Trainee: 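Sending over a structure as structure tokens; questions will come in a sec.
Please read these numbers as outputs of a predicted model, since none were measured by experiment. Chain A is the first sequence line, chain B the second, and so forth, proteins listed ahead of strands; every chain is numbered from 1.
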Amino acid sequence: MALPKPLTAEFDELVKNYPERRAALIVALHRCQEELGGWISPQTMEDLAEYFALEPVEVFGVASFYPMFNLRPVGRHVVSVCHNISCDLRGAQDVIAKACEVTGAPLGGTSKDGKWTVKHVECQGACANAPMFDLDGVYHEDLTIEKVAKILGAVR
Amino acid sequence: MKTYETYLLDRAKVEGAHQLATYKKLGGYKGLEKTLKSGLTPAAVVDEMKKSGLRGRGGAGFSTGMKWSFMPDITKDPRTRYLAINADESEPGTCKDRVLMEGDPHGVIEGSLIAAYAIRASAVYIYVRGEYRLSHDRIAAAVKEARAANLVGKNILGSDYSCEVFMHKGAGAYICGEETGLMESLEGKRGHPRQKPPFPAQSGLWNSPTTVNNVETVFNAPFIVERGAAWHAAIGTQNSKGNFLVCISGHVNKPGVYELPFGVTAQEILEEKAGGVWKGRKLKAWFPGGSSCALLLGRDVDVVLDHDSLRTRGSSLGTAAMVMMDDHTSMARVMEVIARFYEHESCGQCSQCREGTQWLSQIFHRIAHGLGQDDDIATLEALAKGMAPAKTICALSDAAAIPTLSAIKLFKDELTQCIRDGRDPLGIPAPKYATVGAH
């Protein structure tokens, strides 16, 4: 297997931004996760290793260091709820409970129908608009229990 | 309500200011033009920064001009030089750089270019935390516009100065906000902080001289170049100059990011900007500069929010992220959240930090959940003292120890009672967690 052509074409441009090719690895991991099913599979790591002329374990070492990279499959929609201090003080635990209830996903896991993953994350820098979650890469802020139900309920 | 002269957030409030045309209409890129076209040498820009009294806004509060002056003499050291912009904003409570990046991305680029010119860097890397997608995309689009207008790239504005600006993304690790962790991450590696020396100015990105500056720090540069160091130095208090951005969050009526000159009290910010403590309650405790600084009591809000005043109260300005807690807050719970954060973010290189943060987290967790043990406070104290000061490669270990020691100092009775009674003295139940699976 190899990475899809459009991705390698993109990476060929990306590596020119740096004096060393491997500097592009983290951005490349992001792109792979976005394009290849929402997670970094062992196959993707092998393919990236080949592209960057690294050992697969080096790619694994990097991917596993960063919380944004999912090393297991996730649902079609990912809800990341901030549970750090500013959000906790304004009801993050209630948001987590509601998100799990509405989606049927256990915290840190995926719903049986494969639609949802709900996880908690550390400070997302939305402290003045707490509590918040990130739904598929978009911030939703100043949440209330009602808003949580409404936002998640509207996702097809 | 008192009013103050503002400049940092003015443009960000204007519709469309993230686009070049509007930015220029609002006076944008005049600072860069003055830098490149009025015969200012890089050394003169560094000198201007020193005289302005500008201090870094990323948490450490180090003199910006001084930091720039650490870069080696280019006549003796011809290596390529880099500027890395630290946009990995992730100190709990901090959400100010995001406002600048989303609302005024050209201001970030202009500031970066002036900084790059001062240190004679030929490339700028803007390291934006992965979660800040809008910030990243706004700056990336602005770089494109700027390049087309000859504001980025070769012979900027017809001068002999050339500089490239590249975007880079983090992926959720707090430690990459530490400057050497950031450099490792930029090189495509795990974000493990490096031993210092060598300092980044001697050997940073790809073993080349590097300066790492926070977003808000460089954002100040165009104003200082344009209006002069004396203008900037006239604002603020003795050792804290200019306006700065305060993030106020937690139990207040109007949480937000506000621009103020150094010299106002925390009380003024709380009451006049944030509308006071919510629900008519009293302030019990607060962090003045993110969770890595020492907690203060509610009565300490009379303190002036600047570097020196906070130090005399035993805390620090940090990132000016005020996290406010009302008198219905369980301190065991607060510390459980804080300690869990540092446990999650420790990179694991140093044993004091790797083990220490885990223990702090476990002990605060059990206290908050009514399972505290008699000697827990003594254990917490001994652990925290073994983790800091300056016992590890970077300051994350200190950042976990400092709030811990302050919580023990200020809330020993409450924590003791919590351990003895097996529940929070205010009767606040520990939250029921949903099941935590693997992720």
Trainee: Determine the interplanar angle of the A:Phe65 and B:His192 rings, folded into 0 to 90°, and report it as parallel if under 30°, tilted if 30 to 60°, perpendicular if over 60°.
Mentor: perpendicular
Trainee: Of the backbone (N, CA, C, O) and the side chain (C-beta and beyond), which part of B:Phe166 lies under 4.5 Å from a heavy atom of chain A, both, or neither?
Mentor: side chain
Trainee: As a quick check of understanding, evaluate side chain to side chain contact (heavy atoms under 4.5 Å, CB included) for A:Arg22 and B:Lys189, giving each step before the final call.
Mentor: CA-CA 8 Å; A:Arg22 84 164 284 174; B:Lys189 302 169 189 161; 3.8 Å; yes
Trainee: Using a cut-off of under 4.5 Å for heavy-atom pairs, which of A:Ala24, A:Pro67, A:Ala63 has the most such pairs with chain B?
Mentor: A:Pro67
Trainee: Looking only at non-hydrogen atoms, find the nearest pair between A:Arg90 and B:Pro255 and report the distance.
Mentor: NH1-CG, 3.8 Å
Trainee: As a quick check of understanding, evaluate side chain to side chain contact (heavy atoms under 4.5 Å, CB included) for A:Ser64 and B:Arg190, giving each step before the final call.
Mentor: CA-CA 9 Å; A:Ser64 61; B:Arg190 294 164 73 89; 3.6 Å; yes
Trainee: Which atoms form the tightest heavy-atom contact between B:Ser90 and A:Cys123, and what is the distance?
Mentor: O-CB, 4.1 Å
Trainee: Counting heavy-atom pairs closer than 4.5 Å to chain A, which one of B:Lys96, B:Arg129, B:Met325 comes out on top?
Mentor: B:Arg129
Trainee: Tell me the closest heavy-atom pair linking B:Cys95 and A:Ala128, and the distance in Å.
Mentor: SG-N, 3.6 Å
Trainee: With a 4.5 Å heavy-atom cut-off (strictly below), which parts of residues 79-89 of chain B touch chain A? List them by number.
Mentor: B:Tyr82
Trainee: Quick one: what part of B:Glu164 sits under 4.5 Å from any heavy atom of chain A, side chain, backbone, both or neither?
Mentor: neither
Trainee: Contact part of B:Tyr174 toward chain A, heavy-atom cut-off under 4.5 Å: side chain, backbone, both or neither?
Mentor: neither
Trainee: Apply side chain to side chain contact (heavy atoms under 4.5 Å, CB included) to B:Arg133 and A:Tyr139, showing your working.
Mentor: CA-CA 9 Å; B:Arg133 284 180 175 81; A:Tyr139 278 19; 5.9 Å; no
Trainee: Give the minimum heavy-atom separation between B:Ala171 and A:Tyr66, together with the two atoms involved.
Mentor: O-CB, 3.3 Å
Trainee: Going by residue number, which parts of residues 38-50 of chain A are within reach of chain B, meaning a heavy-atom gap below 4.5 Å?
Mentor: none
Trainee: Please classify the contact of A:Phe52 with chain B as side chain, backbone, both or neither, using a heavy-atom distance under 4.5 Å.
Mentor: neither
Trainee: Kindly say whether A:Gly125 contributes a backbone atom to a donor-acceptor pair with the side chain of B:Tyr132 at under 3.5 angstrom?
Mentor: yes
Trainee: For the side chain of B:His251 and the backbone of A:Leu89, is there at least one donor-acceptor N/O pair under 3.5 Å apart?
Mentor: yes
Trainee: Does B:Glu187 come within less than 4.0 Å of A:Arg21, counting only side-chain N to carboxylate O?
Mentor: no
Trainee: At a 4.5 Å cut-off on heavy atoms, which part of B:Ile175 comes close to chain A: side chain, backbone, both, or neither?
Mentor: side chain
Trainee: Against chain B, label A:Ala130 side chain, backbone, both or neither, depending on which of its atoms sit under 4.5 Å from a heavy atom there.
Mentor: neither
Trainee: How close do A:Tyr18 and B:Met167 get, heavy atom to heavy atom, and via which atoms?
Mentor: OH-O, 3.8 Å
Trainee: Name the option with the most non-hydrogen atom pairs under 4.5 Å to chain B; the candidates are A:Val27, A:Leu25, A:Ile85, A:Val62.
Mentor: A:Ile85
Trainee: Heavy-atom cut-off 4.5 Å, strictly under: side chain, backbone, both or neither for A:Asn17 against chain B?
Mentor: both
Trainee: Strictly by modelled atom types, are A:His83 and B:Arg340 linked by a side-chain donor-acceptor pair under 3.5 Å?
Mentor: yes
Trainee: Give the intermediate values and the outcome of side chain to side chain contact (heavy atoms under 4.5 Å, CB included) for residues B:Arg333 and A:Gln93.
Mentor: CA-CA 12 Å; B:Arg333 170 66 187 160; A:Gln93 288 301 326; 3.5 Å; yes
